[in-house]
Amino acid sequence: MSKGHSLWNKAKKIIPGGGMLLSKRPDLFLPNQWPAYYSKAKGCHIWDLDKNKYFDASIMGIGTNILGYANRDVDKAVRNNIFKSNMSTLYCPEEVYLAEKLINLHDWSDSVRFARTGGEANAVAIRIARAATGRDKVAICGYHGWHDWYLATNLNSLNNLEQHLLPGLEPKGVPKSLEGTTIPFKFNDLEEIKSIINKNDLAAVKMEVERFERPSEGYLETIAKLCKEKGIVLIFDECTSGFRETYGGIHLKYGVNPDIAIFGKALGNGYAITAILGRSDIMNYVQKTFMSSTFWTERIGPTAALKTLELMERTKSWEYITELGKYIQSSWERIALNNSLPIKVYGIPALSFFSLELNNWQKYKTFITQEMLDANILASDKIYVCTSHNKKNINRYLNKLNDIFSKIKKIEESNSIDRFLKGPVCSSGFSRLN
Ligand SMILES: Cc1ncc(COP(=O)(O)O)c(C=O)c1O
């Protein structure tokens, strides 16, 4: 048994859920075989506890590292400031510089608050919207973290969040009195959100601008117009989409401005920092309520973000990862066609997904991960592209995928996938670990 696997078995006994982020759970990739823990990571490579080196063609820290792992310049900026103390009785100046920088990138905004995680930043934005409007209900589309306000969506039906990234989330522990306060709507279904807006006294409409599909013509514009008419705070959650196709929010590409935008993940290239950016007439409600946290003032987050933004701007990283993402998407299609397999490719290019449209897809997905792992590649059904990826290392992955697709074609013809799996099938959403 690998060191990683045995540590994971121990972790499951002493850390409920095994680890603190669902999306990294080994059972989502390859139960009993996924290496689970890293000893070091650099660029787009990861070393496990047994010193095996892998090429990361998967989630790149779940989208935190557009500039690659252990980016030399970001780490250097962080190290410099660590020597001067990450904490003190006084604030760090970097938070002001970062606020200015983010405002300059988004000319509709003039005010910023910081937090350290995406879920926190989302909770902050909802609190501000409720404080500013004096209303309670919110409508949501997308994944917005783990807090009570969001999970309340599932109080009247476990299926409410089915369309929003994570199926099966149980709202146990969320006060029942929150039932009906968060209303989900389907992406690109304009009639549904119109009807929700008309029937409810909403404080906020919060949505991801784009994840799996492009917003259809006029969709964002109409929502923004309706929100304006009704005095509803429009919040774009750009924790994941930010900096992947534009230098800032992906909403810049569509020319539709929210009242508040949230950034996270890639903003600090692996260091914890999230930003809630907005218009000061709304953001100033922070001072009418109470939001304050010790580690929202530490120095590493804003230091890393400032250097990350500088490097992104210099290298135009969003253009690079978009081009490479397009290449990956078209290559997936080509490889599938070569092997006569039906494929669906989707997502913004820098966050690309595919699925083979076969009945046993979950098993084939497990098979892909299993075979890739044998070739020291971490991969499943998605790639979060970073600037350490390039055509050379991606082609190695694509060649391997071509071999795997050709095996899948033969396995499919003989209907024998079960015989080829060395362990259990990967799980698909939130489920208990025993
Ligand atoms: C759009 C969006 N919002 C919020 C979050 C939650 O962020 P965090 O995991 O940092 O709390 C995520 C994380 O995947 C996300 O993609």
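Whatever order the structure lists ligands and atoms in, that order sets their numbers, starting from 1. Below, each value reflects all heavy atoms present in this structure, side chains not excepted, and no hydrogens, waters or symmetry copies.
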- Task: Give yes if a backbone or side-chain nitrogen or oxygen of R211 is under 3.5 Å from a nitrogen or oxygen of ligand 1, and no if not.
- Result: yes
- Provide the number and element of each atom of ligand 1 under 4.0 Å from a heavy atom of N122. 3 (N), 4 (C)
- Nearest heavy atoms of R135 and L202, plus distance in Å: NH1-O, 2.7 Å
- Are side-chain N/O atoms of N122 and Y143 paired as donor and acceptor at under 3.5 Å? no
- Within-cut-off N or O pair, H144 and ligand 1, under 3.5 Å: no
- Under 4.0 Å, heavy atoms only, figure out whether ligand 1 is touched by the backbone of T274, its side chain, both or neither. neither
- Check whether any N or O atom of T240, backbone or side chain, sits under 3.5 Å from an N or O atom of ligand 1, and answer yes or no. yes
- Mind checking whether E208 contacts ligand 1 via backbone (N, CA, C, O), side chain (CB onward), both or neither, at a 4.0 Å heavy-atom cut-off? side chain
- Message: For the residue pair E333 / S330, report whether a side-chain donor-acceptor contact shorter than 3.5 Å exists.
- Response: no
- Does ligand 1 have any atom sitting under 4.0 Å from a heavy atom of K265? yes
- Task: Compute the centroid of each ring, for F114 and then for W296, and state whether the two points are separated by less than 6.0 Å.
- Result: no
- Which atoms from ligand 1 have a heavy atom of D237 less than 4.0 Å away? 1 (C), 2 (C), 3 (N), 4 (C)
- Message: Could you measure the distance from the NZ atom of K363 to the CD atom of Q370? Nearest 0.5 Å is fine.
- Response: 13.0 Å
- Note on the structure: One finds that the ligand 1 atoms under 4.0 Å from a non-hydrogen atom of G119 are 6 (C), 7 (O), 8 (P), 11 (O)
- Verify the distance criterion only: is there a donor paired with an acceptor across the side chains of D136 and T181 at less than 3.5 Å? no
- Query: Do Q329 and S352 get their side chains close enough for a donor-acceptor pair, meaning under 3.5 Å?
  - Reply: yes
- Indicate the ring-plane relationship of W8 and Y37, choosing parallel, tilted or perpendicular according to the 30° and 60° boundaries. tilted
- Message: Quick check: G118 and ligand 1, any N/O pair under 3.5 Å apart?
- Response: yes
- Are any of the N or O atoms of G145 closer than 3.5 Å to those of ligand 1? no
